[in-house]
Amino acid sequence: MKTTLIVTHTDLDGVMAGLTATQTSQSDATILYAEAGAPGIDAVLQQVLDDIEAGKLRKPAHVMLLDNTPSMQMLMQFNQVTGVQPVVYDHHVSNAPVWAEATTVARFITDDTGTSSATELVFKDQRAAFTTLPFWQTLVTLTNLYDTWMWQDAAYDDDVATGSTAQVLNEVLYFLGRERFSTRITAAKEASISSNEKPRDLLTKIFSPVIMGLVDDRMAANAAYVLKKAEAAEFGDLTIGDTTYHYAYVTASKQMSEIGNALTSLQDVDFGLVINNGALSFRVAKDKDVDVSLVAAAFNGGGHAKASGAKLRLDWPAILQQAVTTEN
Ligand SMILES: [Mn+2]
């Protein structure tokens with residue numbers, strides 16, 4: 001193992017936080033990626049501990065945990081085995097109890113205002129490492145706007161399209177994939193890019209005009225798909241207690257939250273439901289009062305009152321057998 005270990009999330013904020021942290025780490029860094037939430041990062045840290053125990057890995061000298069907070073128990077175990085106090089950069093407020101409690105086994109750099117991404121937390125903490133990379137501030141701004149949902153605010157609909165370029169940066173990540181995205185960003189550290197490049201021009205320099213054109217095409221195709229799905233919606237009524245709610249539903253294979261949003265703007269709809277291969281995604285219309293986390297909970301799912309999700313598990317072998325048995 002190299003001397004710095006970084007564990008981060010797989011989304012734009014996680015990937016950019018990792019790339020920002022490698023710039024600041026004193027030595028070569030290994031980056032590992034974890035799924036969202038404590039179970040995701042706990043699983044990765046458990047694997048690291050297992051590998052250290054099996055002699056496959058050397059103990060890291062520095063550990064940075066980004067856009068994610070492990071469980072209290074895992075932080076204690078990790079500290080005990082490695083002797084290292086990880087530095088945790090996180091902004092998921094549901095982890096605040098661990099931030100308050102685990103101060104003897106880890107150091108926490110956090111935000112609970114909803115305005116700072118993990119990438120911004122790392123950048124602000126280590127700004128001195130970026131004096132020779134003035135354009136990095138723009139990448140941090142775009143990542144921050146996207147991850148905190150602020151990119152849609154009118155304030156960022158400015159003459160250089162800062163808000164919409166934040167969405168484009170996210171799309172570039174999913175178009176290229178994490179490896180190629182990271183390679184391009186790392187190469188940009190070597191290129192001489194001026195500090196006052198407009199956001200879109202900066203991305204074109206980093207990723208090339210060809211890639212930006214393909215990403216634009218893909219975003220246009222996605223928007224058309226969302227529109228087509230909203231037009232194909234069917235409608236239902238659901239009674240919870242004394243109240244009956246009207247909802248729109250449709251099946252889709254991608255763009256779940258965008259389609260959910262589009263469904264909520266259809267006439268008289270209280271909430272939208274998008275179904276993707278058994279995954280149910282609920283979203284409440286603006287100014288409508290229905291707690292869809294109750295509906296998700298009925299399928300062992302959860303989330304927020306205004307947006308929640310669940311997974312419908314169907315026993316296909318049993319369904320097939322029953323259908324054939326009934327038929328014959
Ligand atoms: Mn984040």
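Numbering of ligands and ligand atoms starts at 1, following listing order. None of these values were measured; they are calculated from a predicted model.
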Practice task
Compute both the distance and the angle, then confirm whether Arg178 meets the cation-pi test with Tyr33: under 6.0 Å from the six-membered ring centre, within 45 degrees of the axis.
Solution key: yes
Fill in the blank from the handout: For the Mn ion (ligand 1), the nearest N/O/S atom on Asp67 is atom OD1
Practice task
Check whether the side chains of Asp13 and Thr119 place a donor and an acceptor atom closer than 3.5 Å, and report yes or no.
Solution key: yes
Exercise for the section: Look at the N, O or S atoms of His92, main chain and side chain alike, and state whether any lies under 2.8 Å from the Mn ion (ligand 1). Expected result: no
Exercise for the section: List the steps and the verdict of salt bridge (charged side-chain N to carboxylate O under 4.0 Å, His left out) for Asp158 and Lys198. Expected result: CA-CA 11 Å; Asp158 53 23; Lys198 290 174 189 159; over 6 Å; no
Practice task
Output, in order, the C-alpha distance, side-chain angles, deciding distance and verdict of side chain to side chain donor-acceptor pair (under 3.5 Å) for Gln322 and Thr326.
Solution key: CA-CA 6 Å; Gln322 202 194 348; Thr326 312; 5.0 Å; no
Problem - Aromatic ring proximity, centroids under 6.0 angstrom, Phe181 and Phe175 - result: no
Practice task
Please determine if the Mn ion (ligand 1) has an N/O/S atom from Asp11 lying under 2.8 Å away.
Solution key: no
Exercise for the section: Report yes or no: does Asp13 have an N/O/S atom closer than 2.8 Å to the Mn ion (ligand 1)? Expected result: yes
Problem - Considering only N, O or S atoms of Asp147, the one closest to the Mn ion (ligand 1) - result: OD2
